[in-house]
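Residue indices begin at 1 and follow the sequence shown.
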Amino acid sequence: ECDWSSDVCSSDLDAASNAATPVSNTSITYDSVAPTISSVSSTATNGSYNAGQSITVTVNFSEAVTVTGGPRIQLETGTTDQYATYSSGSGTNTLSFTYTVQAGDTNSDLDYVATNSLGLNSGTINDAAGNAATLTLASPGNANSLGANKNIVIDTTAPTVSSVSSTATNGSYNAGQSITVTVTFSKSVTVTGSPRILLETGTTDQYATYSSGSGTTTLSFTY
């Protein structure tokens with residue numbers, strides 16, 4: 001092509017007379033919207049958990065996020081609040097955090113402490129465009145919170161025996177008669193096998209063997 005007014009010409013050919021390849025238009029998308037948290041839940045089944053057991057807490061975002069470092073969520077676990085620490089999910093919209101129950105932890109419906117309980121802990125949670133995620137959680141107990149979505153009980157307090165009695169009336173009992181001994185605990189207990197109580201019965205001590213009550217606070221033993 002030539003601009004005759006200036007006597008300048010240009011060519012779409014290289015030195016070897018190869019024609020230039022046309023360049024198509026490029027589409028550029030700008031993303032300035034920060035990811036937000038949709039809900040918090042858990043892969044753990046509803047029920048009671050004891051010291052040493054692990055619970056996975058899941059945090060769902062509005063879009064895929066990438067994680068660096070060790071973000072964590074502070075959980076309401078009684079006298080000492082524990083943390084669920086990031087474990088997996090980078091590159092997706094669901095991040096997993098692991099909490100291992102510690103001795104002394106307690107909560108009748110596990111939840112995080114507050115709306116700001118998810119902290120970066122010197123890490124990052126960003127989307128593909130580099131926007132830092134907004135880490136505000138639903139209020140504890142409200143819709144989309146861990147407590148609302150799951151019913152997880154943290155109980156590390158061992159049951160204790162409150163009292164021992166019997167359903168038998170006061171009086172004398174002869175050979176062949178049965179006596180039910182009842183043991184009351186501080187909370188419901190579950191029985192496996194055949195626990196028994198050694199009774200003082202003279203020259204040869206006899207046993208009252210477990211007969212019923214599993215899942216309640218009172219167990220019955222038959223002598």
With hydrophobic residues grouped by side-chain heavy-atom distances under 4.5 Å, do Tyr210 and Val164 end up in a single group? yes
same_hphob_cluster(Val191, Tyr223) at 4.5 Å side-chain heavy-atom cutoff: yes
Exercise: identify the closest heavy-atom pair between Ser145 and Ser139: CB-O, 3.6 Å
Worked check of side-chain contact (heavy atoms from CB on, under 4.5 Å) between Val59 and Phe97: CA-CA 8 Å; Val59 180; Phe97 298 74; 3.6 Å; yes
Between Thr98 and Ser54, is any side-chain donor less than 3.5 angstrom from a side-chain acceptor? no
Common cluster, Ile37/Tyr112, ILVMFWY with side-chain heavy-atom separation under 4.5 Å: yes
After noting the C-alpha distance and the side-chain angles of Ser220 and Val181, does the key distance pass the side-chain contact (heavy atoms from CB on, under 4.5 Å) rule? CA-CA 6 Å; Ser220 295; Val181 178; over 6 Å; no
Result of checking Asp155, Thr217, Thr160, Thr216 against Lys187 for side-chain hydrogen bond (donor to acceptor under 3.5 Å, both in side chains): Asp155
Same cluster or not: are Ile73 and Phe61 linked, directly or through other Ile, Leu, Val, Met, Phe, Trp or Tyr residues, by side-chain heavy atoms under 4.5 angstrom apart? yes
Minimum side-chain heavy-atom gap Thr157-Thr106 below 4.5 Å: no
Any donor-acceptor N or O pair under 3.5 Å, side chains Tyr49, Asn107: no
Does one hydrophobic cluster hold both Ile179 and Ile197, with members joined at side-chain heavy-atom distances below 4.5 Å? yes
Student check: side-chain heavy atoms of Asn93 and Glu63 closer than 4.5 Å: no
Minimum heavy-atom distance Ser42-Thr58, with the two atoms named: N-OG1, 3.6 Å
Set out, in order, the CA-CA distance, both residues' side-chain angles and the distance that settles side-chain contact (heavy atoms from CB on, under 4.5 Å) for Leu219 and Phe185, then state yes or no. CA-CA 8 Å; Leu219 303 184; Phe185 288 84; 3.6 Å; yes
Taking the side chain as everything from C-beta on, heavy atoms only, tell me whether Leu137 gets closer than 4.5 Å to Val40. yes
Can you tell if the side chain of Asn121 reaches within under 4.5 Å of the side chain of Pro71, non-hydrogen atoms only? no
Side chains of Ser62 and Ser38, donor plus acceptor under 3.5 Å: no
Are the side chains of Leu95 and Val67 in contact, using a 4.5 Å heavy-atom criterion? yes
Are Asp109 and Lys150 within salt-bridge range, i.e. N to O under 4.0 Å? no
So do Glu200 and Asp205 actually touch side chain to side chain, heavy atoms under 4.5 Å? yes
Checking Ser39 against Asn60: is there a side-chain donor and acceptor pair closer than 3.5 Å? yes
So Asp127 and Asp31, do their side chains get closer than 4.5 Å, heavy atoms only? yes
Please answer whether the main-chain N or O of Thr80 pairs with a side-chain N or O of Thr77 as donor and acceptor at a distance below 3.5 Å. yes
Walk me through it: do Leu135 and Ile125 pass the test side-chain contact (heavy atoms from CB on, under 4.5 Å)? CA-CA 9 Å; Leu135 304 183; Ile125 301 177; 4.1 Å; yes
What one should report as the nearest heavy-atom pair of Ala208 and Leu199 is CB-CD1, 4.0 Å
